[in-house]
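Numbers here simply count residues along the sequence, with the first being 1. Atoms considered below: every heavy atom in the structure, side chains included; atoms not considered: hydrogens, waters and symmetry mates.
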Amino acid sequence: MKKFGTGILDELKNASIDASKCMQCGVCSASCPSGRHTTLNIRKLVRIAGKTNDILSNEELWMCTTCYNCQERCPRNINIVDILLDIRAISVHQGFIHPEHRVVCEMLLEYGHAVPINEKNRKERVNLGLEELPETVHKYEDGLEEVKTLLASCGFGKLIKHTESRVTEDKT
Ligand code: SF4
Ligand code: SF4
């Protein structure tokens, strides 16, 4: 497993972004709609991200809707959301993923859709005068095989299996 050094941001592709520029003014948190309804404290998250890898299993990473309010308003022009997305990617590669997110990934692997169509939506499409199936892999089965090949070629399936094993380990 990859080990992180003094701070996870050192390892990020977007390494030029220095969280130490943060002056902890709190503009980001005050602008954050998710923070009003969850425990997400983006100001605190930026501070933690610059100092430690403990952030990888932090639940708050997944409470951000990526609305970019905080990033647009940050007086230090820190790419807050881009940093967050990079950390999420590293987190998943380290095996941390919500069970609900893993289910969505498995759906994508099997059906080529994160949310496959169901009977109810098929009927509603017809009622609306649409074709029963959308112009996606639902309609074109060859396309589904291509999507599966693409996902396999980039190791997506292996990645999701890896997260399963990590989640299981963490629960024991
Ligand atoms: S708005 Fe920018 S500078 Fe202010 S606390 Fe948030 S990240 Fe730091
Ligand atoms: S991008 Fe995320 S952290 Fe920033 S304001 Fe929106 S929900 Fe909050």
Problem set entry | Separation of S91 OG from H98 NE2 (nearest 0.5 Å) | 9.0 Å
Exercise. Between K44 and E60, is there a salt bridge with N-O shorter than 4.0 Å?
Worked result: no
Exercise. If you take all heavy atoms of V46 and C22, which pair is closest and at what distance?
Worked result: CG1-CB, 4.0 Å
Exercise. Out of curiosity, I55 CD1 to L45 CG, how far, rounded to the nearest 0.5 Å?
Worked result: 4.0 Å
Exercise. Would you find a donor on one side and an acceptor on the other, under 3.5 Å apart, between the side chain of T149 and the backbone of E145?
Worked result: yes
For this session: Take L85 and R88 through the side chain to side chain contact (heavy atoms under 4.5 Å, CB included) test and state the conclusion after the steps.
Result: CA-CA 5 Å; L85 292 175; R88 280 182 179 178; 3.9 Å; yes
Exercise. Atom CZ in F156, atom CG in L108: separation rounded to 0.5 Å?
Worked result: 5.5 Å
Problem set entry | Interatomic spacing from CD1 in I80 to CZ in R73 - rounded to 0.5 Å | 11.5 Å
Problem set entry | Backbone of R43 reached by a side-chain donor or acceptor of S29 within 3.5 Å | yes
Exercise. Checking side chain to side chain contact (heavy atoms under 4.5 Å, CB included) for the pair E131/L133: CA distance, chi angles, key distance, verdict?
Worked result: CA-CA 5 Å; E131 287 187 47; L133 293 173; 5.9 Å; no
Exercise. Should we say atom CD of E141 is surrounded by more than 12 heavy atoms from elsewhere, each under 6.0 Å from it?
Worked result: no
Exercise. Is there side-chain contact between T39 and E59, with heavy atoms separated by less than 4.5 Å?
Worked result: no
Exercise. For the atom pair CD1 (I42) and SG (C32), what is the distance rounded to the nearest 0.5 Å?
Worked result: 6.5 Å
Exercise. Do Y68 and D82 have a side chain donor and acceptor closer than 3.5 Å?
Worked result: yes
